[in-house]
Amino acid sequence: KFSKNVLMPLVTAASLLVAAPVAVAETFKMAVGDAAGGTQWELGTTFAKLFQQKTGGKHKVDLFPNGQLGSEEDTINNAAMGTLDFSILAVNNITPFSPTVGLLTMPYLIQSADEAKKLTLGEVGKELTDNTVRDAGVRIVGWAYSGFRVLTNSKRPVKTLEDLKGLVIRVPKNEIMISAYQAWGINPTPMSWSETFTGLQQRVVDGQDNPYITVSAMKFYEVQKYITNIRYIFSLEPLVVSESVFKSQKPEVQKAILEAGQEATEHSFKYLLETEDKIKKDLAARGMQITDPANGEKEWIAKATTAVWPKFYKSIGGKEKLDRAQKVLGR
Ligand code: MLT
């Protein structure tokens, strides 16, 4: 009969023979703006798993969700300086650093998940990636597709622009989104994403907009009651790598980053299609009241497109960029 002391080293030696651990050469840090459980998290964890596999276990990525590494804007600054490796954030929070990305948040430009994919994975997405490297020091290597940003609030059902009046709505610090609400007749409150849950909880603001999956991951159902099913922006959430960190990697590691990013993007798209409806039902089951905007959203669409688009032609690189995007989308 073995004593415990004799048995232990035998077990350890046997397990070493079965799977010799690979020494991790480098562990990267990834900031994730949302709480665990949403589309950002799904993209990040899928990327981390694929990247580790593709480097034979030599490289690892640790994820820090829920703004633990700072606001989404901070993570861009830190990645640009090379003090942070990766970040996943909403595209609207990159626009202040690289304005041409604002094309993707032009109200009502993207009208479906397929259109979002077409723009991000084609020549438009490629150009925007090159621009963010140039302007913001980060490279987009993957996309989370998160669904349309719906409007939530704690006070009343909102169907018309008249209903919106008097509500204090939080928006990202993004000029295009601020302008959309102004076109709808209110002055929204720009606030960092990392402060938004508390802002809603403490009633500093009455409402905000984000996709169903994000509303769920962030547990906004605890502090919000009404949802208006608007479709003004399809939420795109890029995975970015610090360009200086990327450049300092060996070619095979760079290749693994790019491939893992592409595959995780494909996964993210499927995840949205499989999950969004379930999440919507779950939010209703939790007591959120979901309404459609009146008259097929016509009033919302007309106001936001006519007032907002021309104001931002210059910052997105000229009207021709919008025309090209529409052509890609077959309009
Ligand atoms: C925002 O509203 O600031 C972002 O869309 C939040 C996010 O990253 O999910």
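Counting starts at 1 for both ligands and their atoms, in listed order. Keep in mind that what you see is a predicted model, and the values were worked out from it rather than measured.
- Residues Asn210 and Phe148 have side chains not in contact (no heavy-atom distance under 4.5 Å, counting atoms from C-beta outward).
- Those atoms of ligand 1 with a heavy atom of Arg149 less than 4.0 angstrom away are 1 (C), 2 (O), 4 (C), 5 (O).
- In plain terms, the two heavy atoms of His267 and Thr46 that are nearest each other are CD2-OG1, 3.2 Å.
- Closest of all the heavy-atom pairs between Ile230 and Pro293 is CG2-CG, 4.1 Å.
- Checked against a 3.5 angstrom limit, the closest N/O atoms of Gln40 and ligand 1 fall inside it.
- Under the salt bridge (Lys or Arg N to Asp or Glu O under 4.0 Å) criterion, Glu123 pairs with Arg324, not counting sequence neighbours.
- In this structure, Pro172 has a heavy atom closer than 4.0 Å to ligand 1.
- The distance from ligand 1 to the heavy atoms of Thr214 drops below 4.0 Å at these ligand atoms: 9 (O).
- Those atoms of ligand 1 that come under 4.0 Å of a heavy atom in Ala90, given as number and element, are 4 (C), 5 (O), 7 (C), 8 (O).
- Under 4.0 Å from ligand 1, not a single heavy atom of Thr196 appears.
- For Trp41 and Tyr271, the gap between ring centers reaches or exceeds 6.0 Å.
- The pair Glu274-Lys270 does not count as a salt bridge, with every side-chain nitrogen at least 4.0 angstrom from each carboxylate oxygen.
- Atoms of ligand 1 found under 4.0 Å from any heavy atom of Glu72 (numbered from 1 in listed order, with element): 7 (C), 8 (O).
- Of all atoms in ligand 1, numbered sequentially from 1 with element shown, those under 4.0 Å from a heavy atom of Asn93 are 1 (C), 3 (O), 4 (C).
- Contact atoms of ligand 1 toward Asp34: 7 (C), 8 (O), 9 (O) (distance under 4.0 Å to a heavy atom of the residue).
- Residue-ligand proximity, Asn92 to ligand 1, at heavy-atom distances under 4.0 Å covers atoms 1 (C), 3 (O), 4 (C), 5 (O).
- In this structure Phe28 satisfies the ring pair (Phe, Tyr, Trp, His ring centres under 6.0 Å) test together with Phe51, His59, Phe86, sequence neighbours excluded.
- With distances taken over non-hydrogen atoms, the option nearest atom 1 (C) of ligand 1 out of Glu237, Arg170, Gln208 is Arg170.
- When each of Lys278, Arg286, Lys280 is paired with Asp282, the side-chain hydrogen bond (donor to acceptor under 3.5 Å, both in side chains) condition holds for Arg286 and for no other.
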